[in-house]
Amino acid sequence: MADTQSYQSKLKRLVFDSETTTGTAETPDGSSLVVPAFDISLTRDRGTGIIARDSVMDGLAGELCGVPGSFGTSLTFSTEIHPNASDVDPYFVRLLQACGFEGTDTGSVLTLFPSTKVISNYAATTPNSLTFSLIALLEGIDDTIQTTFGATGAASFVLNSGERAQIDCSFVGKNGDFMTFDADESAVGTVAELGCSPFVVKNVTATMVGSDTGDAFDEVQLSSITINTNAETPDILDPTEADGFAVSPVFFNSAPTVSFQIGATATNNTRFWSYFKDGEEISISITLDDPASTDSLQFLMERVQFTGVSMADNNGAESYSIEGKCVRDPGEGYNTTGSKFNIIWTYA
């Protein structure tokens with residue numbers, strides 16, 4: 001007997017819209033942005049959920065029926081980064097805005113940095129919230145839609161040599177309908193910003209120098225780079241909301257961190273241990289270029305102070321495993337010269 005009811009788990013499309021009014025769900029349509037996402041997990045796991053009433057005693061064994069309490073959604077995924085000329089806020093920039101970044105735009109270069117601004121209605125350079133829809137496009141069966149809105153999150157960047165550059169995202173949001181059904185949602189979401197050539201971690205321009213000394217490091221065997229923004233999205237309970245949650249703010253209570261492996265050389269042997277011991281700082285710049293255009297994505301960390309230095313093996317080559325945090329001077333923000341933690345998107 002043929003199975004006519006099971007369907008393929010890969011037939012999913014993650015789309016989102018920036019919210020015109022913070023915390024008010026947008027209706028997905030043909031202009032919603034498709035995320036080139038993988039490892040997607042959407043779960044209704046925040047809050048009390050169904051409140052157990054096993055402690056209530058009515059003279060009988062077992063427990064009374066539960067009652068729904070607060071509910072919220074968690075959404076995690078990884079995404080490729082696609083260059084997109086002439087667009088100041090392509091999908092990955094909008095994701096970063098919902099992860100607490102604001103920016104300054106010159107008309108050809110957008111500079112993003114961690115923000116202390118509140119989440120606001122959508123604008124091209126300020127932090128805002130998103131409505132996500134995870135759609136399963138099923139042939140012969142009604143398509144399914146799972147939605148979360150008022151979503152804010154945290155981002156980290158994984159730049160492994162020879163691999164796709166990726167952003168790992170972790171969002172929290174309010175519940176839309178747990179699941180709705182429609183005959184055909186195939187027209188929802190545009191792939192205009194996607195192509196067959198996402199940024200790949202090769203031909204990278206990387207520089208490392210002592211922040212104060214100007215000492216040069218050897219950028220050889222540089223690999224396994226991870227940049228974690230360390231943003232936090234605390235739960236904000238609100239009894240006036242239907243499911244008990246308000247839009248979560250994005251806080252940067254800790255410094256962004258960076259970790260990487262790099263080759264041991266005569267020069268690097270004289271640098272890493274002494275910088276670690278003395279608490280000195282280095283400036284790190286990593287730039288990904290699109291070979292088909294003038295688009296580029298730069299990660300600029302002007303003051304990285306090492307928190308861990310150890311020796312490691314890299315396919316038989318002696319190397320260093322480095323961990324550091326992006327520090328700043330008192331009273332200076334992450335967009336101040338000398339203390340910058342910037343993500344710089346050159347789009348024209």
Side-chain angles (χ1 to χ4, degrees), residues 7 9 11-29 31-35 37-53 65-79 91 94-100 118-122 127-138 141-155 167-185 188-189 231-251:
Y7 56 86
S9 62
L11 302 179
K12 292 178 182 177
R13 174 181 295 173
L14 182 64
V15 306
F16 75 87
D17 293 274
S18 299
E19 292 179 346
T20 303
T21 302
T22 301
T24 299
E26 299 284 335
T27 301
D29 56 25
S31 63
S32 301
L33 296 175
V34 173
V35 185
F38 51 99
D39 296 336
I40 304 169
S41 174
L42 188 153
T43 54
R44 313 295 189 174
D45 59 353
R46 298 169 59 223
T48 52
I50 300 298
I51 302 171
R53 301 174 66 207
C65 50
V67 60
S70 59
F71 266 108
T73 298
S74 298
L75 171 65
T76 62
F77 59 89
S78 298
T79 179
Y91 72 93
R94 295 195 189 204
L95 291 175
L96 292 178
Q97 288 174 267
C99 292
V118 299
I119 302 299
S120 61
N121 299 343
Y122 172 69
N128 51 76
S129 55
L130 305 177
T131 296
F132 285 98
S133 297
L134 182 58
I135 303 171
L137 301 169
L138 311 176
I141 307 173
D142 280 350
D143 295 343
T144 66
I145 311 129
Q146 299 177 75
T147 303
T148 182
F149 64 99
T152 57
I167 309 174
D168 291 345
C169 296
S170 177
F171 280 89
V172 295
K174 301 197 287 185
N175 286 335
D177 292 327
F178 273 29
M179 184 175 286
T180 56
F181 308 91
D182 186 80
D184 184 8
E185 288 285 311
V188 172
E232 301 173 23
T233 51
D235 287 344
I236 303 297
L237 295 171
D238 185 346
T240 68
E241 293 282 346
D243 286 325
F245 279 108
V247 174
S248 292
V250 181
F251 293 153

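Values in this document were obtained by computation on a predicted structure and should not be read as measured data. Position 1 is the first residue of the sequence; numbering continues from there.
Between the side chain of Asp238 and the backbone N or O of Gly244 there is no donor-acceptor pair closer than 3.5 Å. Between the side chain of Asp142 and the backbone N or O of Phe181 there is no donor-acceptor pair closer than 3.5 Å. Under a 3.5 Å cut-off, the side chain of Arg53 and the backbone N or O of Cys65 do form a donor-acceptor pair. Side-chain atoms of Thr48 come within 3.5 Å of backbone N or O of Ser70 as a donor-acceptor pair.
Taking the side chain as every heavy atom from C-beta outward, Phe245 and Val172 never approach each other to under 4.5 Å. Side-chain atoms of Thr73 and Arg46, non-hydrogen and from C-beta on, never get closer than 4.5 Å to each other. Contact check for Asp243 versus Lys174: no side-chain heavy atoms found under the 4.5 Å cut-off. Side-chain contact check for Thr76 versus Thr43: every heavy-atom pair is 4.5 Å or farther apart. With contacts defined as side-chain heavy-atom distances shorter than 4.5 Å, the pair Phe171/Cys99 qualifies. Side-chain contact between Ile236 and Val247 is absent, with no heavy-atom pair separated by less than 4.5 Å.
Of the inter-residue distances, the one linking Phe77 atom CZ with Leu42 atom CG reads 10.5 Å to the nearest 0.5 angstrom. One finds the CZ atom of Phe178 at 10.0 Å from the OG1 atom of Thr148 (value rounded to the nearest 0.5 Å). Interatomic distance, Leu33 CG to Asp17 CG, rounded to the nearest 0.5 Å: 7.0 Å. One finds the OG atom of Ser18 at 8.0 Å from the CD atom of Glu26 (value rounded to the nearest 0.5 Å). Rounded to the nearest 0.5 Å, atoms CD1 (Ile135) and CZ (Arg13) are 7.0 Å apart.
Side-chain contact, Thr21 with Asn121: no donor N or O sits under 3.5 Å from an acceptor N or O. In summary, the side chains of Asp45 and Ser74 do present a donor paired with an acceptor at a separation below 3.5 Å, with no hydrogens or angles considered. Side chains of Thr24 and Glu19: a donor-acceptor N/O pair is absent below 3.5 angstrom, by distance only.
A cation-pi arrangement is absent between Arg94 and Phe16 under the rule of less than 6.0 angstrom and at most 45 degrees off the ring axis.
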message = Working note: Ile40 + Leu75, criterion side chain to side chain contact (heavy atoms under 4.5 Å, CB included); need CA distance, chi angles, decisive distance, verdict.
response = CA-CA 7 Å; Ile40 304 169; Leu75 171 65; 4.1 Å; yes
task = Might you work through the side chain to side chain contact (heavy atoms under 4.5 Å, CB included) test for Tyr91 and Thr79, ending with a clear yes or no?
result = CA-CA 10 Å; Tyr91 72 93; Thr79 179; 3.7 Å; yes
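If you run side-chain contact (heavy atoms from CB on, under 4.5 Å) between Met179 and each of Thr144, Leu134, Ile145, Thr147, only Thr144 comes through.
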